[in-house]
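See below for the structure under consideration.
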Amino acid sequence: MDHNRDTQHQNAIRAGTISFDGSGIDCLVRNMSVGGANLEVESQIGIPSSFDLVINVEHSNHHCHVVWRKARRIGVAFD
């Protein structure tokens, strides 16, 4: 992991919801920065290339798009 990045990361794991077209898929937000996040999901099936990431504990909603996918992880950038 590159600890010399320009953006500050928050590594606390928190529950989130991938929200699109009236549907919601639970996820874990593994880390998050000002520009994006690393999400963990049970399955990537049906997850579109752009969606809203809702983090209830923070009362936040971020529109984002997928920049990479790997097994159960999805990297997203905030729009």
Checklist outcome for this item: Nearest heavy-atom contact between Gln44 and Arg73 is NE2-O, 3.2 Å
Checklist entry - Between CZ of Arg14 and CG of Asn31, what distance do you get to the nearest 0.5 Å? => result 9.0 Å
Item to check | Verify same cluster id: Val66, Ile25 (apolar side-chain graph, 4.5 Å) | outcome: yes
Item to check | Straight-line distance of Leu53 CG to Ser19 OG, nearest 0.5 Å | outcome: 9.5 Å
Checklist entry - Are Ile47 and Val29 grouped together when hydrophobic residues (ILVMFWY) are joined by side-chain heavy atoms under 4.5 angstrom apart? => result yes
Item to check | Same cluster (ILVMFWY, side-chain, under 4.5 Å), Phe78 and Trp68 | outcome: no
Item to check | Nearest heavy atoms of Cys27 and Ile18, plus distance in Å | outcome: SG-CG1, 4.0 Å
Checklist entry - Which heavy-atom pair separates Ser50 from His63 by the least distance, and what is that distance? => result CB-NE2, 4.2 Å
Checklist entry - Just by distance, with hydrogens left out, do His65 and Asp79 show a side-chain donor and acceptor under 3.5 Å apart? => result yes
Checklist entry - What are the two closest heavy atoms between Phe51 and Val76, and how far apart are they? => result CZ-CG1, 3.6 Å
Checklist outcome for this item: Separation between CD1 (Ile13) and CG (Leu28), nearest 0.5 Å, reads 6.5 Å
Checklist entry - Same cluster for Val57 and Leu39 if Ile/Leu/Val/Met/Phe/Trp/Tyr side chains link at under 4.5 Å? => result yes
Item to check | Donor-acceptor contact present, side-chain Arg69 to main-chain Ile74, <3.5 Å | outcome: no
Checklist entry - Transitively linked via ILVMFWY side-chain contacts under 4.5 Å: Val67 with Met32? => result no
